[in-house]
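One structure is given below, represented as structure tokens, and several questions about it will come after.
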Amino acid sequence: LDYAAMEYKIFVGNLPFGIEEDELRAVFDDFETTYVKIVRNPEGESRGFGYVGFNNQDDYEAVLRQQGAQLQNRRIRFDRADPKNAQRPPGPSTERFDRQDRHHGRAERSDRFERFERRSGDVRNSRQAPIELDQSKPGWWKAMGRPPTKEPDNPHGFPGITSFNIEMPDGCDFVHFFPLKVNPELLPPETRADLQRNYVLCVIGVGPDDVSAPIVPPPDHDFNFSEAIGSHLSNASEFGAAMAAAVDFGSVLLVCPAALANRNVSPEHVSTMLEENYIRHIFLEHVHPILQRPALVEALSDDLTWRYDSTTVTVDAVYMDERVACYNVDADGIVQPDHRSANAAAQESGRRIVTGDELDQRALVCKLGSSGRLQLPAVNSNDLRIVGNKALEHQKNARHELLHHPSGWYTNLTTITDFDHRDRFKSAEKSETRLSITRKHLFKEIEDVEGANAQEYPVFKALYLCPSRLMGYTLVLSEVPPSEDQTEPHKESVATTTVLALEGLIHARSLSMRLPEFRPPNILAKQASMQR
């Protein structure tokens, strides 16, 4: 194509990688287009951007005024195209920018790229010139440039965070952005790309004088929460579905422009920036590494209304034949087949799950060592069919300690340990702890849980940041359709399920107050090194 001859041509960025030219052309059905081109690599894969030509200037200008459109749940953007850049052959001076274009959907000349980055505060030299931010102006954060890269859509179609909330200690009006250093290998690709530019990882916290103050939610929060979940609860009630609730505690990291580091910002502005994606959150669903399990047990024991219920140990074993077996470990340490989990995993997962009699046979030869590692009998046969079935590659143990509340809620303290069996003498590779509060079904009576369907479909998700504590939490509401053999649909009222959902928030806030207080990352790093 002679791009230089296409006078009315726009650049289209942030395209979904799976679309074809016809799908992109459909976005501009209301205009007279002359051609549509998606730029691809030598393997024929889309690079996430393209060009669209128009027959007249009126259409060209009208499209540019729109600034973008929605395509397959992604916000694609429009910009004026540079004809000279489209003809410029790749070379050493442009390779670096081409690599970044694969992530950010740009294929513009390097000088235009730098002009854009300078305008958005995204060039490395801008680190030497701090941005003046007047927080009294509406939308002041937009002066920091464009937002960080948006995370990919959930492949299962589950909803993202729809409500951002900051639970502030009483009398505190600001949060502080503390820069944080994290191993890049632990971060998603889009975050690693952002950190190569003028973005940083931060956590928000408060000063030592505020960490011990009681957490006071906004006075209108519970009402707004009830309004937000009302439509979901009504839909579930209409179709005879129940609702389940889960609160997961974890660390909340924020990807934000470097200009925000070491600044004080009002919590209302932080919430708005999260909603507008000027700050992107990363929620790590495990307990902060500095927290030891005994400290969590002590925090849970402080509330005498929670009672110890049970302890279970599950094992997911990956064999050399690439098949996965699900086991339970009973009170005597005997490995038992977990047919329920195996059958559920076989229906939902594409992995090769061991089920039925074969699961029974594999469990018979397993023993659990004192370290938690599965032990299998030595096999000297050269028959690979036997060795393959009995040779382990990887193992994940989950120890669930359940506490029960009279209102029907459960607290689950889970310790997950990974073992690599390729080295038979290697100790546990990784261990992490997770903390959650759940109610499988939002019913009035605890007995209603028995025999109900266990399949859950998330419909609502809210994030709660607690700047005075080391962890925040998410609250997820899920629909639980009636099981096939259920004769009567669920008929619980919306009012009842709303009250029970709010009850879960109350439990989460109460537990949050008993968790360790916030400490700046540099202090935590020193404490972690002392523990090691």
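Since this is a predicted model, take the numbers as computed values, not measurements.
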>> Is there a side-chain contact (heavy atoms from CB on, under 4.5 Å) between Leu392 and Val318? Walk through the geometry before answering.
In response: CA-CA 6 Å; Leu392 280 167; Val318 182; over 6 Å; no
> Quick one: OG1 on Thr498 to CG on Leu233, what's the gap to the nearest 0.5 Å?
Replying inline: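 Answer for the OG1-CG pair, Thr498 versus Leu233, is 4.5 Å.
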>> With a 6.0 Å cut-off on the ring centroids, do His176 and Phe178 count as close?
In response: yes
> Between Glu167 and Arg469, is there a salt bridge with N-O shorter than 4.0 Å?
Replying inline: no
> When you look at Thr312 and His400, which way does the side-chain hydrogen bond (donor to acceptor under 3.5 Å, both in side chains) test go after all the steps?
Replying inline: CA-CA 5 Å; Thr312 59; His400 304 274; 5.0 Å; no
> Is a side-chain N or O of Thr162 found less than 3.5 angstrom from the main chain of Lys461, in a donor-acceptor match?
Replying inline: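 A pair under 3.5 Å: yes.
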> Any side-chain heavy-atom pair from Val203 and Pro521 closer than 4.5 angstrom?
Replying inline: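 Yes - at least one pair of side-chain heavy atoms lies under 4.5 Å apart.
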> What are the two closest non-hydrogen atoms of Gly250 and Phe283, and how far apart are they?
Replying inline: N-CZ, 3.5 Å
> Can you find a side-chain donor-acceptor pair between Asp360 and His339 that sits under 3.5 Å?
Replying inline: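 On atom types as modelled, these side chains qualify, holding a pair under 3.5 Å.
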> Roughly how far, to the nearest 0.5 Å, is the CG atom of Leu374 from the SG atom of Cys366?
Replying inline: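 Between Cys366 SG and Leu374 CG, I get 5.0 Å after rounding to 0.5 Å.
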>> Testing Leu505, Val252, Leu515, Leu465 one by one against Tyr473 for a side-chain contact (heavy atoms from CB on, under 4.5 Å), which residue passes?
In response: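 Passing option: Leu505.
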>> I'd like to know if the side chain of Ser512 reaches the main chain of Ala508, judged simply by a donor and an acceptor atom lying under 3.5 Å from each other, with no hydrogens or angles considered.
In response: no
>> Just so I know, are the side chains of Thr433 and Ile416 near enough to count as touching, which here means a heavy-atom distance under 4.5 Å?
In response: no
> Hey, does the side chain of Asp418 reach the backbone of Lys396 with a donor-acceptor pair shorter than 3.5 angstrom?
Replying inline: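 Flag not set: sc Asp418 to bb Lys396 has no pair under 3.5 Å.
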>> Give me the atom names and distance for the closest heavy-atom approach of Ser468 to Pro169.
In response: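 Shortest heavy-atom contact: CB-CG, 4.0 Å.
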> What closest approach, in Å, do Ser478 and Pro458 show between heavy atoms, and which atom pair accounts for it?
Replying inline: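 Looking at all heavy atoms of both residues, the shortest contact is OG-CA, 3.4 Å.
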>> Go through it in stages, so that I can follow the logic: the residues are Thr191 and Arg280, the test is side-chain hydrogen bond (donor to acceptor under 3.5 Å, both in side chains), and I'd like the CA-CA distance, side-chain angles, deciding distance and then a yes or no.
In response: CA-CA 9 Å; Thr191 301; Arg280 182 162 54 79; 3.1 Å; yes
>> Under the side-chain contact (heavy atoms from CB on, under 4.5 Å) test against Tyr327, which residue among Leu359, Asp338, Thr314 passes?
In response: Leu359
>> Could you walk me through whether Glu432 and Arg434 satisfy the salt bridge (Lys or Arg N to Asp or Glu O under 4.0 Å) test, starting with their C-alpha distance in whole Å, then the side-chain angles of each, then the deciding distance to 0.1 Å, before giving a yes or no?
In response: CA-CA 7 Å; Glu432 65 181 39; Arg434 298 185 178 184; 3.0 Å; yes
>> Quick check: do His507 and Ser407 have side-chain heavy atoms less than 4.5 Å from each other?
In response: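 In short, these two side chains touch, coming nearer than 4.5 Å.
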> Between Ser510 (side chain) and Ile506 (backbone), is there a donor-acceptor pair under 3.5 Å?
Replying inline: no
> Side chain of Asp332, backbone of Ile334: donor and acceptor closer than 3.5 Å?
Replying inline: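 Not a single qualifying donor-acceptor pair exists.
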> Are side-chain heavy atoms of Leu187 and Val182 found at a separation under 4.5 Å?
Replying inline: yes
> What do you reckon, are the aromatic ring centroids of Trp409 and His404 less than 6.0 Å apart?
Replying inline: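 No: the rings miss the under 6.0 Å criterion.
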> Hey, are the side chains of Leu180 and Leu253 touching, using non-hydrogen atoms and a 4.5 Å cut-off?
Replying inline: yes
> Have Tyr464 and His221 got a donor and an acceptor in their side chains that come within less than 3.5 Å?
Replying inline: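 On atom types as modelled, these side chains qualify, holding a pair under 3.5 Å.
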> Quick one: does NZ or CZ of Arg362 land under 6.0 Å from the six-membered ring centre of Tyr319, within 45 degrees of the ring axis?
Replying inline: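 Here Arg362 passes the 6.0 Å and 45° test against Tyr319.
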> What are the two closest non-hydrogen atoms of Ile76 and Pro16, and how far apart are they?
Replying inline: CG2-CD, 4.1 Å
>> Nearest 0.5 Å, please: how far is CG in Leu260 from CG in Leu254?
In response: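 These two atoms lie 9.5 Å from each other.
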>> Ignoring hydrogens, what is the shortest heavy-atom contact between Gln135 and Asn264? Give both atom names and the distance.
In response: NE2-O, 3.1 Å
>> Within this structure, what is the CG-CG distance for the pair Leu502 and Asp222, rounded to the nearest 0.5 Å?
In response: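 These two atoms lie 5.0 Å from each other.
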> Hey, does Leu403 have a side-chain heavy atom less than 4.5 Å from the side chain of His405?
Replying inline: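 A side-chain contact is absent here, since even the closest heavy-atom pair is not under 4.5 Å.
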> Between Ser226 and Asn224, is a side-chain hydrogen bond (donor to acceptor under 3.5 Å, both in side chains) present by the stated rule, with each step listed?
Replying inline: CA-CA 5 Å; Ser226 302; Asn224 293 335; over 6 Å; no
> Between His281 and Phe164, what is the shortest heavy-atom contact and its length?
Replying inline: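 The answer is ND1-CE2, 3.7 Å.
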> Is the His269-Trp141 ring centre distance short of 6.0 angstrom?
Replying inline: yes
>> Quick check for you: to the nearest 0.5 Å, what is the distance between Ser163 atom OG and Glu275 atom CD?
In response: 7.5 Å
> Hey, what do you get for OG1 (Thr497) to CD (Glu503), rounding to the nearest 0.5 Å?
Replying inline: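 Atom-to-atom, Thr497:OG1 and Glu503:CD are 12.0 Å apart.
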>> Less than 4.0 angstrom from a charged side-chain N to a carboxylate O is my criterion; do Glu517 and Arg519 meet it?
In response: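 No, no charged N to carboxylate O under 4.0 Å.
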>> Could you go through Met243 and Ile229, starting from their C-alpha distance and side-chain angles, then the distance that decides it, and tell me whether this counts as side-chain contact (heavy atoms from CB on, under 4.5 Å)?
In response: CA-CA 11 Å; Met243 295 294 291; Ile229 67 175; over 6 Å; no
> Do the non-hydrogen side-chain atoms of Val265 and Met273 ever get within less than 4.5 Å of each other?
Replying inline: yes
> Less than 4.5 Å apart, any side-chain heavy atom of Leu475 and any of Phe225?
Replying inline: yes
>> For Leu195 and Leu201: C-alpha separation, side-chain torsions, deciding distance, then whether side-chain contact (heavy atoms from CB on, under 4.5 Å) applies.
In response: CA-CA 8 Å; Leu195 296 184; Leu201 271 181; 4.3 Å; yes
>> Less than 3.5 Å apart, any donor N or O on the side chain of Gln395 or Asn397 sitting next to an acceptor on the other?
In response: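 Their side chains do contain a donor-acceptor pair, which is all the 3.5 Å distance test asks for.
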>> Run the side-chain contact (heavy atoms from CB on, under 4.5 Å) test on Trp306 and Ile437 for me, step by step, so that the C-alpha distance in whole Å, both residues' side-chain angles and the decisive distance to 0.1 Å come before the verdict.
In response: CA-CA 11 Å; Trp306 292 90; Ile437 301 174; 4.2 Å; yes
